Number of protein chains: 2
Amino acid sequence: MPEDVFKALADPTRRHILDELADRSGQSLFEIRARLATKHGLGMSRQAISQHLAVLEAAELIRTRRQGRYKFHDLNTAPLERLVTRWLRTDAAEDNR
Amino acid sequence: MPEDVFKALADPTRRHILDELADRSGQSLFEIRARLATKHGLGMSRQAISQHLAVLEAAELIRTRRQGRYKFHDLNTAPLERLVTRWLRTDAAEDNR
DNA sequence: TTGCCAGGCAAGCCGTCACTTGCCTATTGT
DNA sequence: ACAATAGGCAAGTGACGGCTTGCCTGGCAA
């Protein structure tokens with residue numbers, strides 16, 4: 001299940017989205033779109049970012065909460081923590097995967 | 001340049017290769033191919049794995065050393081270390097990328 | 001030397017992915 | 001009520017990625 005995390009992190013635009021959510025939590029789709037455009041020069045359609053957010057949500061890298069007609073996105077760093085340590089630990093070899 | 005690391009990690013076969021090299025360092029192409037086949041049930045062509053190794057080497061996740069007609073592969077965990085910490089540190093925000 | 005073995009190069013196929021476009025639903029403001 | 005706003009749901013397109021196949025090169029052993 002957390003195998004999708006790698007796939008989600010593969011795209012640079014999605015990594016920029018994570019950067020934005022790390023900088024300011026609880027942003028809406030249009031906010032993210034605006035900040036990607038101004039700060040990173042990414043002029044993408046609204047739907048493109050919506051699909052990226054769907055991928056990130058499926059990988060559980062972001063959590064969403066609806067509020068009226070707004071949908072706010074929050075970063076969830078939990079899947080990131082034991083992701084790379086899989087190869088970093090050179091001591092006791094326990095196959096926990 | 002370490003942006004390719006994410007792309008390299010996106011493929012499950014490549015992650016299995018890293019697992020193998022983490023388990024036994026300095027394996028050759030045919031060794032890796034054999035162990036992927038037996039331990040993970042991956043019956044892939046030699047060339048497929050060669051291409052995967054090329055991607056991993058381009059991302060500097062493995063280092064290679066030629067010795068006669070053999071080419072040995074070693075895991076290099078250096079690019080992995082400050083990869084995920086980009087989103088994990090919630091303290092001082094320095095844009096080092 | 002001759003043959004075998006480890007590996008590289010290049011083209012081609014096919015599936016997946018990122019992105020767009022068009023249309024539709026729901027909620028808020030006037 | 002009506003219009004504007006925030007977002008969702010497809011379907012279609014172009015490009016990239018993984019894998020195969022075929023041929024070629026360098027090193028080692030008999």
Side-chain angles (χ1 to χ4, degrees), chain A residues 1 3-21 24-38 40-59 61-74, chain B residues 1-21 24-38 40-74:
Chain A
M1 190 69 71
E3 291 287 296
D4 302 324
V5 179
F6 290 103
K7 224 180 53 187
L9 291 176
D11 189 85
T13 303
R14 283 195 286 269
R15 295 195 293 271
H16 286 139
I17 290 178
L18 294 182
D19 289 336
E20 282 307 312
L21 290 179
R24 178 185 297 186
S25 188
Q27 292 192 62
S28 124
L29 170 58
F30 277 51
E31 294 181 83
I32 296 173
R33 173 172 144 90
R35 295 183 59 151
L36 285 181
T38 61
H40 299 278
L42 299 177
M44 300 172 41
S45 78
R46 168 187 61 89
Q47 193 61 19
I49 299 177
S50 176
Q51 290 166 356
H52 281 306
L53 289 173
V55 174
L56 290 172
E57 189 176 3
L61 282 169
I62 59 176
R63 301 197 180 282
T64 62
R65 45 190 167 94
R66 299 214 68 160
Q67 191 169 339
R69 60 177 162 180
Y70 296 97
K71 186 179 182 183
F72 298 112
H73 304 267
D74 298 286
Chain B
M1 189 69 71
E3 292 286 297
D4 303 324
V5 179
F6 290 103
K7 224 179 52 186
L9 292 175
D11 189 83
T13 303
R14 283 196 284 268
R15 294 195 293 269
H16 285 140
I17 291 178
L18 294 183
D19 289 336
E20 282 307 313
L21 290 180
R24 179 185 296 185
S25 189
Q27 292 191 62
S28 123
L29 170 58
F30 277 52
E31 295 180 82
I32 295 173
R33 172 172 144 89
R35 295 183 59 153
L36 285 182
T38 60
H40 298 278
L42 298 177
M44 301 172 40
S45 79
R46 168 187 60 88
Q47 193 60 21
I49 299 176
S50 177
Q51 289 166 356
H52 281 307
L53 289 173
V55 173
L56 290 172
E57 189 176 2
E60 295 184 356
L61 283 168
I62 60 176
R63 302 197 179 281
T64 63
R65 45 191 166 94
R66 300 214 67 158
Q67 190 167 342
R69 59 176 164 179
Y70 297 98
K71 185 178 184 183
F72 299 112
H73 304 267
D74 298 286

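Heavy atoms only: backbone and side chains are in, while hydrogens, waters and symmetry mates are out. Lettering follows sequence order; numbering is per chain, from 1. Computed from a predicted structure; not experimentally measured.
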Which residue lies toward the 5' end of DNA chain C, Thr13(A) or Gln67(A), if each is placed at its nearest nucleotide?
Thr13(A)
Taking N or O atoms only and anything under 3.5 Å, show me the protein contacts with nucleotides 7-12 of chain D, one pair per line.
{"unit_1": "dG7(D)", "atom_1": "OP1", "unit_2": "Ser28(A)", "atom_2": "OG", "d": "3.3"}
{"unit_1": "dG7(D)", "atom_1": "OP1", "unit_2": "Leu29(A)", "atom_2": "N", "d": "3.4"}
{"unit_1": "dG7(D)", "atom_1": "OP1", "unit_2": "Lys71(A)", "atom_2": "N", "d": "3.3"}
{"unit_1": "dG7(D)", "atom_1": "OP1", "unit_2": "Lys71(A)", "atom_2": "O", "d": "3.4"}
{"unit_1": "dG7(D)", "atom_1": "OP2", "unit_2": "Ser28(A)", "atom_2": "OG", "d": "3.3"}
{"unit_1": "dG7(D)", "atom_1": "OP2", "unit_2": "Phe30(A)", "atom_2": "N", "d": "3.3"}
{"unit_1": "dG7(D)", "atom_1": "N7", "unit_2": "Arg46(A)", "atom_2": "NH1", "d": "3.1"}
{"unit_1": "dG8(D)", "atom_1": "OP1", "unit_2": "Lys71(A)", "atom_2": "NZ", "d": "2.9"}
{"unit_1": "dG8(D)", "atom_1": "OP2", "unit_2": "Ser50(A)", "atom_2": "OG", "d": "3.4"}
{"unit_1": "dG8(D)", "atom_1": "N7", "unit_2": "Arg46(A)", "atom_2": "NH1", "d": "3.0"}
{"unit_1": "dG8(D)", "atom_1": "O6", "unit_2": "Arg46(A)", "atom_2": "NH2", "d": "2.7"}
{"unit_1": "dC9(D)", "atom_1": "N4", "unit_2": "Gln47(A)", "atom_2": "OE1", "d": "2.8"}
{"unit_1": "dC9(D)", "atom_1": "N4", "unit_2": "Gln47(A)", "atom_2": "NE2", "d": "3.0"}

Tell me the closest heavy-atom pair linking Asp74(B) and Ser25(B), and the distance in Å.
OD1-OG, 2.8 Å
Quick check: closest heavy atoms across Leu9(B) and Leu18(B), and the distance to 0.1 Å?
CD2-CD1, 3.6 Å
Could I get the full list of salt bridge (Lys or Arg N to Asp or Glu O under 4.0 Å) partners for Arg14(B), not counting sequence neighbours?
none
Check every strand shown and say whether Arg33(A) touches a base, only sugar-phosphate, or nothing at a heavy-atom separation below 4.0 Å.
nothing
Integer-rounded Å distance: [N] [atom2] and [X] [atom1]:
X: Lys7(A); N: dG17(D); atom1: NZ; atom2: P; result: 15 Å
X: Leu36(B); N: dG18(D); atom1: CG; atom2: P; result: 15 Å
X: Phe6(B); N: dC17(C); atom1: CZ; atom2: C1'; result: 18 Å
X: Leu42(A); N: dA18(C); atom1: CG; atom2: P; result: 14 Å
X: Leu53(B); N: dG8(C); atom1: CG; atom2: P; result: 8 Å
X: Met44(A); N: dT21(C); atom1: CE; atom2: P; result: 12 Å
X: Arg15(B); N: dG18(D); atom1: CZ; atom2: C1'; result: 14 Å
X: Leu56(B); N: dG18(D); atom1: CG; atom2: C1'; result: 13 Å

First encountered from the 5' end of DNA chain D, between Asp11(B) and Gly68(B)
Asp11(B)
Looking at Arg35(A), Arg15(A), Arg33(A), which one forms a side-chain hydrogen bond (donor to acceptor under 3.5 Å, both in side chains) with Glu20(A)?
Arg35(A)
Rounded at 0.5 Å granularity, tell me how far CD1 in Ile32(B) sits from CZ in Phe72(B).
11.0 Å
If you round to the nearest 0.5 Å, how far is OG1 of Thr13(B) from CG of Leu56(B)?
10.5 Å
Please confirm whether the shortest side-chain N or O distance from His52(A) to OP1 or OP2 of dC17(C) is below 4.0 Å.
no
With sequence neighbours left out, what residues match Glu57(A) under side-chain hydrogen bond (donor to acceptor under 3.5 Å, both in side chains)?
Thr64(A)
